[in-house]
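Beneath this line is the structure, given in structure tokens, with notes to follow.
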Protein chains: 2
Amino acid sequence: MKRVSFSDQRCSLAQALEVIGEWWTLLIIREAYFGTRRFSDFQSRLGIARNVLSDRLDRLVENGLLQREPASPGAKRVHYRLTDKGRNLVTVVVALVQWGDRWVSGPENAPIRMVDRATGAEIGDVQVRSQDGRPLAFHDIGLQPGPGADQAIHERFQETVTNDGAVRWRIRRHMAE
Amino acid sequence: MKRVSFSDQRCSLAQALEVIGEWWTLLIIREAYFGTRRFSDFQSRLGIARNVLSDRLDRLVENGLLQREPASPGAKRVHYRLTDKGRNLVTVVVALVQWGDRWVSGPENAPIRMVDRATGAEIGDVQVRSQDGRPLAFHDIGLQPGPGADQAIHERFQETVTNDGAVRWRIRRHMAE
DNA sequence: CGGTATCCCATTTGATACTG
DNA sequence: CAGTATCAAATGGGATACCG
């Protein structure tokens, strides 16, 4: 059966997965970070089937993560280059690589080191932070209904106002109540 | 045909995708962040088929992102709770949500706000940073062969030593040379 | 409630052959 | 080189029925 489209889910996570959730997509993006631009280089380095690659590249261009440009001025041959939208995914990729290094492969097996160009030192761990830069641990992050929250989302939250007028949101653990 | 297993790819990104690359997996993790613990709550909130959910939960437990525990002491009913390994993915999820908010949905449509519990202010953008906390833009990040680099990886880099003895790595754009 | 077992279809994927 | 076209196999996913 057709998988439910995530696009009707409001969550940005689902929306993002709609774009990059395909198996190969992030690996293609990663290859692009490496500077790979040509069809055949993507193909041989990733070991991906040509038709699948073709399809994924099309979709990535369509979605604005990659752009096609003439390999040399006037040539019909094209290169695939990252757009800002694609480049902006670097946080996700780095976070994912670091997670994989830490919990799956083990840091000692990391095939790639990512360094700060300016100093040559390894980059830091990607972290969630407050706007003023304090690292936030899992439990420091609170959830609230956002500007685009629909009925279903609102139903999952319970709003309470404390004595001093501050507003708190609590997440309902179970719907039935 | 059988899809190539990413596990034989050295890259931690591929390894991570092996664990969480499945369509539903990250959404289940997100639900767990919301505090969802029961099978039926996952099911009804995500709208996922029961057998698929069953399979994904099994795999998540197998891979150590979730753990099963008795719903109440002595009960046979179980809850699914995040492990540290699962919780640690929060960076990835937040980065992905923020990317989706920014590039796909538009921030004004964000159904969920993530705030710093201590202040109630929105959390900051997840960023790649140097170890001493400077934000690193895409081009500030350099790549080098890591401790687990194999022959194939090494071949993609060219090592050069500058006059003053510093070592630089350059990525070969094309293999043939 | 919390699953498991079956069944079946849609999609993805890889291999191969072909084209400009 | 840079794809497109076609095809078969594997898998993912949904629906439904069943069970303790």
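Chain identifiers are assigned alphabetically (A, B, ...) following the order of the sequence lines, protein sequences preceding nucleic acid strands; residue numbering begins at 1 within each chain.
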Item to complete: State, with a plain yes or no, whether a side-chain heavy atom of A:Trp24 is found less than 4.5 Å away from one of A:Leu60.
Response: no

Fill in: Whole-Å gap separating C1' (D:dG12) and CD (B:Glu18)
15 Å

Item to complete: Can you tell me the distance, in whole Å, between the CD1 atom of A:Ile48 and the P atom of D:dG3?
Response: 13 Å

Fill in: A:Asp41 CG - D:dA2 P separation (whole Å)
7 Å

Worksheet item: Can you tell me how far P of C:dT12 sits from CD1 of A:Ile28, to the nearest Å?
Response: 14 Å

Worksheet entry | Pairwise 5' ranking along DNA chain C for A:Lys76 and B:Val78, keeping only the more 5' one | B:Val78

Worksheet item: Less than 6.0 Å separating the ring centroids of B:Phe39 and B:Tyr80?
Response: no

Worksheet item: Taking CZ from B:Arg45 and C1' from C:dC1, how many angstroms apart are they, rounded to a whole number?
Response: 15 Å

Item to complete: Could you work out which one of D:dG3, D:dG14, C:dG14 sits closest to the side chain of A:Val52?
Response: C:dG14

Discussion item. Looking at D:dT11, I'd like to know if its phosphate oxygens (OP1 or OP2) sit under 4.0 Å from a side-chain N or O belonging to B:Trp23.
Written reply: no

Discussion item. Heavy atoms only, 4.0 Å cut-off, all strands: where does B:Phe42 land among base, sugar-phosphate and nothing?
Written reply: nothing

Item to complete: Name the residue closer to the 5' end of DNA chain C, choosing between B:Arg50 and A:Arg59 according to the nucleotide with the nearest heavy atom.
Response: B:Arg50

Worksheet entry | Atom CG of B:Asn163: over 12 foreign heavy atoms under 6.0 Å | no

Worksheet item: Within the structure shown, what part of the strands sits under 4.0 Å from B:Asn51 by heavy-atom distance: base, sugar-phosphate, or nothing?
Response: base

Worksheet item: Can you find a donor-acceptor pair, distance only, under 3.5 Å between B:Arg77 side chain and C:dG2 base?
Response: no

Fill in: Euclidean distance, atom CG of residue A:Leu66 to atom P of D:dG3 [Å, nearest integer]
12 Å

Worksheet item: Is atom CZ of A:Arg59 surrounded by more than 12 heavy atoms (other residues, nucleotides or ligands) closer than 6.0 Å?
Response: no

Worksheet item: In whole angstrom, what separates B:Arg68's CZ from C:dG2's P?
Response: 13 Å

Worksheet item: Atom CG of A:Asp58 to atom P of D:dA2: distance rounded to whole Å?
Response: 15 Å

Worksheet entry | Reference residue B:Asp116; test side-chain hydrogen bond (donor to acceptor under 3.5 Å, both in side chains); the match among A:Arg134, A:Gln131, A:Arg129 | A:Arg134

Discussion item. Nearest to the A:Ser54 side chain among D:dA15, D:dG3, C:dT4, which nucleotide is it?
Written reply: D:dG3

